[in-house]
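First comes the structure, then the notes that go with it.
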2 protein chains.
Amino acid sequence: METNALGNPYQAGCATRRILDRIGDRWTVLVVGVLGEGDARFSELRRRIDGVSQKMLTQTLRGLERDGLVRRTVYPEVPVRVEYSLTVAGRTLLEPLRALQKWSIEHLGDVATSQDAYDRREQDASDRRELSAATPRAR
Amino acid sequence: METNALGNPYQAGCATRRILDRIGDRWTVLVVGVLGEGDARFSELRRRIDGVSQKMLTQTLRGLERDGLVRRTVYPEVPVRVEYSLTVAGRTLLEPLRALQKWSIEHLGDVATSQDAYDRREQDASDRRELSAATPRAR
DNA sequence: CTGTATCCGCCAAGATACTG
DNA sequence: CAGTATCTTGGCGGATACAG
């Protein structure tokens, strides 16, 4: 038999699910993306990642550091300087993320179109339901 | 200049972030994965996807249908039969998901190891903090 | 500058009950 | 069989205050 699609068993706890649990949150891929363009310090990341709060940036970086994907280097100057960079493992993650990005760029337009069409159908259906509710029986 | 890493601008709302907003939830990739192995009806998906509730399966399928990635076919028999299948666009999503799965399989072990090491360091640090709090000053 | 520590609102997701 | 309709809740993420 040929190896099929995505995993076997394809269940909660499978590899794909596990990695998505890690990168699926709002900020992780953004941080990895920025660090993929070069090392950066905390305030720089904060500036370059639109809308991230101090707390969430710290939390995201701690998670990535814990996973061994990001390295944190403290320079005990005054004031303290902290540099973040991708580890070797972290850099390997860029590849699959780029694959996902490529898919997005190629298909997100179609997805939006499909959504619009779907929503219009739903709206029509909803209208029809209202109408029939307003005139319960023909007279 | 060379095209760099992940997106440009790499911000909230970028393509990668948008697709992760769609597939980052708990069930979407599992549904796509199972459907990648062949068409299936509702109860079959429910059985094959460990732990999914009726509500979440319906919600996930509706989202994928709205995005044009899954097709829903109703056979008006008694009792009604509903078949779900990936659309052409839906099948193209399998590729980047497999890339992610590949990364996971190759690196998730290292990630777990890194996490353990990190947690042990944290635990030690925490122990040391407790100790110094218990003996505020040497005597 | 680079973080911790708290408090809080919101919403995704689960549990449960009901329906065509 | 394949859903819809509510109710509830855990936890993510934002805001704010404070600290090394």
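Convention: sequence-line order gives letters A, B, ...; per-chain numbering from 1.
- Remark: A:Arg71 engages no residue in a side chain to side chain donor-acceptor pair (under 3.5 Å) (not counting sequence neighbours).
- Comparing A:Arg81 and A:Lys55, the nucleotide of DNA chain C nearest to each residue sits closer to the 5' end for A:Arg81.
- Counting heavy atoms from C-beta outward, A:Thr87 and A:Arg91 have side chains that stay 4.5 Å or more apart.
- Looking only at atom types and distance, the side chain of A:Thr28 has a donor-acceptor partner in the side chain of A:Asp25 under 3.5 Å away.
- If you check D:dC1, C:dG14, D:dG3 against the side chain of B:Thr58, the one that comes closest is D:dG3.
- Checked options B:Asp39, B:Val32, B:Val31; the residue passing with B:Leu35 is B:Val31 (criterion: side-chain contact (heavy atoms from CB on, under 4.5 Å)).
- The side chain of B:Tyr84 places an N or O atom within less than 4.0 Å of a non-bridging phosphate oxygen (OP1 or OP2) of D:dG3.
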- Message: Can you give me the dot-bracket string for DNA chain C, 5' to 3', counting Watson-Crick and G-U wobble pairs with both distances under 3.5 Å, using [ ] for crossing pairs and | for partners on another strand?
- Response: ||||||||||||||||||||
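- Here C:dT4 is the nucleotide among C:dG14, C:dT4, C:dC1 with the atom lying nearest to any side-chain atom of A:Gln54.
- At a non-hydrogen distance threshold of 4.0 Å, nothing from residues 66-75 of chain B comes into contact with DNA chain C.
- More than 12 heavy atoms of other shown residues, nucleotides or ligands fall within 6.0 angstrom of atom CZ in B:Arg22.
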- Message: Does A:Arg72 form a salt bridge (charged side-chain N to carboxylate O under 4.0 Å, His left out) with A:Glu83? I'd like the steps, not just the answer.
- Response: CA-CA 6 Å; A:Arg72 177 175 182 268; A:Glu83 283 268 8; over 6 Å; no
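- Of the side-chain N and O atoms in B:Arg46, none sit less than 4.0 angstrom from OP1 or OP2 of D:dC1.
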